[in-house]
Number of protein chains: 2
Amino acid sequence: MSCENRFTSELHRRGLRLTPQRERILSVLHGMRSPVTAEEIHRRVAESGPGVELSTVYRTLDLLQTFGLISVIDRGDRHYRYKHVGTERPHFHLACRICGKVIGIDLAEAADFASRIESSKGFRPDIAQVTFPGTCRGCR
Amino acid sequence: MSCENRFTSELHRRGLRLTPQRERILSVLHGMRSPVTAEEIHRRVAESGPGVELSTVYRTLDLLQTFGLISVIDRGDRHYRYKHVGTERPHFHLACRICGKVIGIDLAEAADFASRIESSKGFRPDIAQVTFPGTCRGCR
DNA sequence: GTTATTGCAAATTATTTGCACTTGG
DNA sequence: CCAAGTGCAAATAATTTGCAATAAC
């Protein structure tokens, strides 16, 4: 199912409504390769017609998170960035401190690590939520 | 060397000064088991005498970070928390979403994972900076 | 028609900054 | 002494909230 359809059906399931604002916000996220801040979404939406309020962007991002259609990336700079997930496999992120590039890695790559932590510490880490800061090859 | 001495010598090395405010802030951090927010440090410092300004707390936390005497924990709730590191071995953190408990794990536990990411993606993750959200045994 | 949703403005929260006064070395 | 540091107040910055008007279903 396309993510637009999934959005619509998740909305309807909860008695919520599909508005043009919500469609446009999702479509901006859909068109972005790299993670964007709420501010950037706000700006992009405005490029394609009458602006949508920033507060509406935040409210929609909340919904999309709840539905699992986007994931949140935290580079530790107090600017949350949002990225469309849609129907991709679960993954986590690497974010280069120098150039800012974000790489998605399949969650399976961290499976050994996660189970090691779980068996030794009894703690189940949610690695799909994590963004690892570090440096990419190009920046070293 | 005790961390107070290290603080003093790092300050002197840069021509900076040891003030009572800085001593009291470090001492609060020193006495805390779990990571604290700037706000909490501010409150604790006030308990032991005339208050220190919140802006001074932030400025001192910056210094302590620069000197590597504290590490920053980000639970993703927009409240940075600071934890005394001192002479401990390098480690990363697990933070339970339910009860908020933070566990420190020796960096060696993540060595295999880190080298796997580095050799397959050319990205060197800085795991000592990461706090993994998740759930602890007690909360499941 | 009803209730969810939006726009708008004001409130909140965490943090930072400018600056005159104070103080450590 | 005198540059570094502090308190204080004001400025930012990102996000959240209250509410009356609007629109989706």
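Both backbone and side-chain heavy atoms feed into the values below; hydrogens, waters and symmetry mates do not.
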ask   = Got a sec, which residues hit side chain to side chain donor-acceptor pair (under 3.5 Å) with A/Arg22, two or more places apart in sequence or on another chain?
value = none

remark   = With sequence neighbours left out, the residues meeting salt bridge (Lys or Arg N to Asp or Glu O under 4.0 Å) with A/Glu23 are none

inquiry  = Using whole Å, what does the distance between atom C1' of nucleotide C/dA14 and atom CZ of B/Arg81 come to?
reply    = 12 Å

ask   = Is there a donor-acceptor pair closer than 3.5 Å between any side-chain N or O of A/Glu10 and the backbone N or O of A/Phe7?
value = no

task = Can you sort out the partners of A/Ser27 under side chain to side chain donor-acceptor pair (under 3.5 Å), two or more places apart, ordered by chain and number?
result = none

query = Which nucleotides of nucleotides 8-15 of chain D have their base under 4.0 Å from a protein heavy atom (B), which only their sugar-phosphate (S), and which neither (-), written as one string 5' to 3'?
reply = B-----SB

message = Using whole Å, what does the distance between atom C1' of nucleotide C/dT5 and atom CZ of A/Arg24 come to?
response = 15 Å

query = Nearest-Å distance, CG (B/Leu61) to P (C/dT17)?
reply = 15 Å

inquiry  = For residues 58-67 of chain A, which residue pairs pass the side-chain hydrogen bond (donor to acceptor under 3.5 Å, both in side chains) check, not counting sequence neighbours?
reply    = A/Ser55-A/Arg59

Nearest-Å distance for atom pair CG/C1', residues B/Asp62 and D/dT6 = 15 Å

query = How many Å lie between CZ on A/Arg22 and P on D/dA23, as a whole number?
reply = 15 Å

key: With sequence neighbours excluded, residues passing side chain to side chain donor-acceptor pair (under 3.5 Å) with A/Asp106   = A/Arg89

Contacts of A/Glu53 that satisfy salt bridge (Lys or Arg N to Asp or Glu O under 4.0 Å) - sequence neighbours left out = none

message = Without decimals, in angstroms, what is the distance between A/Leu63 CG and C/dA4 P?
response = 13 Å

query = What salt bridge (charged side-chain N to carboxylate O under 4.0 Å, His left out) pairs are there with at least one residue in residues 122-133 of chain B, not counting sequence neighbours?
reply = A/Arg97-B/Asp126, B/Glu118-B/Arg124

Can you pull every protein N or O that's under 3.5 Å from an N or O on nucleotides 23-25 of chain C?
from   : atom 1 : to      : atom 2 : distance (Å)
C/dG24 : O3'    : B/Leu18 : O      : 3.4
C/dG24 : N2     : B/Arg17 : NH1    : 3.3
C/dG24 : N2     : B/Arg17 : NH2    : 2.9
C/dG24 : N3     : B/Arg17 : NH1    : 3.4
C/dG25 : OP1    : B/Leu18 : N      : 3.3

key: Axis deviation across the helix from C/dG1-D/dC25 to C/dG25-D/dC1, five-pair ends, to the nearest 10°   = 40°

inquiry  = Any side-chain N or O of A/Gln21 below 4.0 angstrom from OP1/OP2 of D/dA23?
reply    = no

task = Scan residues 24-45 of chain A for pairs that pass ring pair (Phe, Tyr, Trp, His ring centres under 6.0 Å), counting only residues two or more places apart or in two chains.
result = A/His30-A/His84

ask   = Would you call the rings of B/Phe132 and B/Phe92 parallel, tilted or perpendicular, where under 30° means parallel and over 60° means perpendicular?
value = perpendicular

message = Tell me every residue that passes salt bridge (Lys or Arg N to Asp or Glu O under 4.0 Å) with A/Glu109, counting only those two or more places apart in sequence or in another chain.
response = B/Arg116

